[in-house]
Amino acid sequence: MFPDSLSGLIERVTFHNEDTGFAVVKIKAKGHRDLVTVVGSLASVSPGEWVNAQGRWIQDREYGQQFKAEMLTSTAPTTIEGIEKYLGSGMVKGIGPVYAKKLVDRFGEKIFEVIETASARLEEVDGIGPKRRRRIKEAWAEQKVIRDIMVFLHSHGVSTSRAVRIYKTYGEEAIQKVQANPYALAKDIHGIGFKTADQIAQKVGIPVDSLVRAEAGLNHVLLEATGEGVA
């Protein structure tokens, strides 16, 4: 278990590396008067999202107090304030703060439901035509896929930084690939070895006496032997 936890609304994304997932965000957290700096890994991140972080407080020499998250998850915003900030953050090309306000004024908290199940209604908003509507729907679908993958990986004991690497390697097929053969992670993902892959495999239901586990274990032993110079 991690010693501390924190949750709140992302006010600002200070930094985000799309390749590694490393992120620095400022969040409005309950019980804290000032914005809190949270450092961790996220596959994607936008202002307005709600984040849950588990980790510890650190004192950075240059930047002061920060919350270093070992596990960091983000969810779509549920408040009007968060939704408007999220839609206006640039997550959808062609939608800035002006259109975000128009969408929220028109549909309120049901905007995501409209995007997902009745996107044609978006054209009720002045300035949104078929092209812009499709962009919004596609961007929302992509964000949803990323969240589903991260939730799946977290639920099977994968740390956030590793989950980001898995997503970046496998993309939308991440869940299917991990379920089919978690041992491939040791070969495909930098920083994941046989032991970690084996732990994930047991959590997704691969039997301990399965052939795929035996093959992966044998490859692991042979690889280690080769590394040690054993014939």
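Values below: every heavy atom of this structure, side chains too, minus hydrogens, waters and symmetry copies.
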- Query: Between the side chain of Arg132 and the main-chain N/O of Gly127, is any donor-acceptor distance below 3.5 Å?
  - Reply: yes

- Message: Looking at Arg165 and His190, would you say the former's side chain and the latter's main chain have a donor-acceptor pair under 3.5 Å?
- Response: yes

Nearest-0.5 Å distance that lies between atom [atom1] in [X] and atom [atom2] in [Y]:
X	Y	atom1	atom2	result
Arg106	Ile111	CZ	CD1	10.0 Å
Leu218	Glu215	CG	CD	8.5 Å
Ser5	Met71	OG	CE	12.5 Å
Ile146	Tyr167	CD1	OH	3.5 Å
Lys85	Arg12	NZ	CZ	9.5 Å
Asp60	Gln66	CG	CD	4.5 Å

- Taking the six-membered ring of Phe107, is the NZ or CZ of Arg121 close enough (under 6.0 Å from the centre) and on axis enough (within 45°)? no

Over all heavy atoms of both residues, which pair between [X] and [Y] is shortest? Give the atoms and the distance, please.
X	Y	answer
Pro97	Gly88	CD-O, 3.8 Å
Ser74	Ser44	OG-O, 4.2 Å
Ala100	Ile95	N-CG2, 4.1 Å
Ala76	Arg147	N-NE, 3.5 Å
Val36	Trp57	CG1-CH2, 3.6 Å
Pro3	Arg56	CG-CB, 4.1 Å

- Task: Check step by step if side-chain contact (heavy atoms from CB on, under 4.5 Å) holds for Thr196 and Leu185.
- Result: CA-CA 9 Å; Thr196 301; Leu185 295 170; over 6 Å; no

Hey, is [atom1] on [X] packed in by over 12 heavy atoms from elsewhere, all under 6.0 Å?
X	atom1	answer
Gln179	CD	yes
Glu173	CD	no
Lys137	NZ	yes
Glu124	CD	yes

Are [X] and [Y] side-chain neighbours, meaning at least one heavy-atom pair lies under 4.5 Å?
X	Y	value
Phe152	Val204	yes
Lys102	Asp126	yes
Ser159	Glu70	no
Val158	Val178	no
Val13	Pro47	yes
Ile192	Arg162	yes

- Task: Tell me, with the steps shown, if Val51 and Val38 meet side-chain contact (heavy atoms from CB on, under 4.5 Å).
- Result: CA-CA 10 Å; Val51 289; Val38 177; 5.6 Å; no

Same cluster for [X] and [Y] if Ile/Leu/Val/Met/Phe/Trp/Tyr side chains link at under 4.5 Å?
X	Y	answer
Ile136	Ile83	yes
Val164	Ile166	yes
Val45	Leu35	no
Val145	Ile115	no
Leu122	Ile80	yes

- Message: According to ring-ring contact (aromatic ring centres under 6.0 Å, His included), does anything in residues 109-142 pair up with another residue at least two apart or in another chain? List the pairs.
- Response: Tyr86-Phe112, Phe112-Trp140

- Message: Applying side chain to side chain donor-acceptor pair (under 3.5 Å) as the test, list every pair that has at least one member in residues 26-41; sequence neighbours left out.
- Response: Glu11-Lys28, Lys26-Thr37, Lys28-Glu81

- Task: Step by step, work out the side-chain contact (heavy atoms from CB on, under 4.5 Å) result for Trp50 and Thr78.
- Result: CA-CA 8 Å; Trp50 186 267; Thr78 55; over 6 Å; no

- Message: Among residues at least two apart in sequence or on other chains, which ones pass side-chain contact (heavy atoms from CB on, under 4.5 Å) with Phe194?
- Response: Tyr183, Asp198, Ala216, His220

- Message: Evaluate Lys168 against Asp19 for side-chain contact (heavy atoms from CB on, under 4.5 Å), listing each step before the verdict.
- Response: CA-CA 7 Å; Lys168 293 297 180 184; Asp19 294 326; 6.0 Å; no

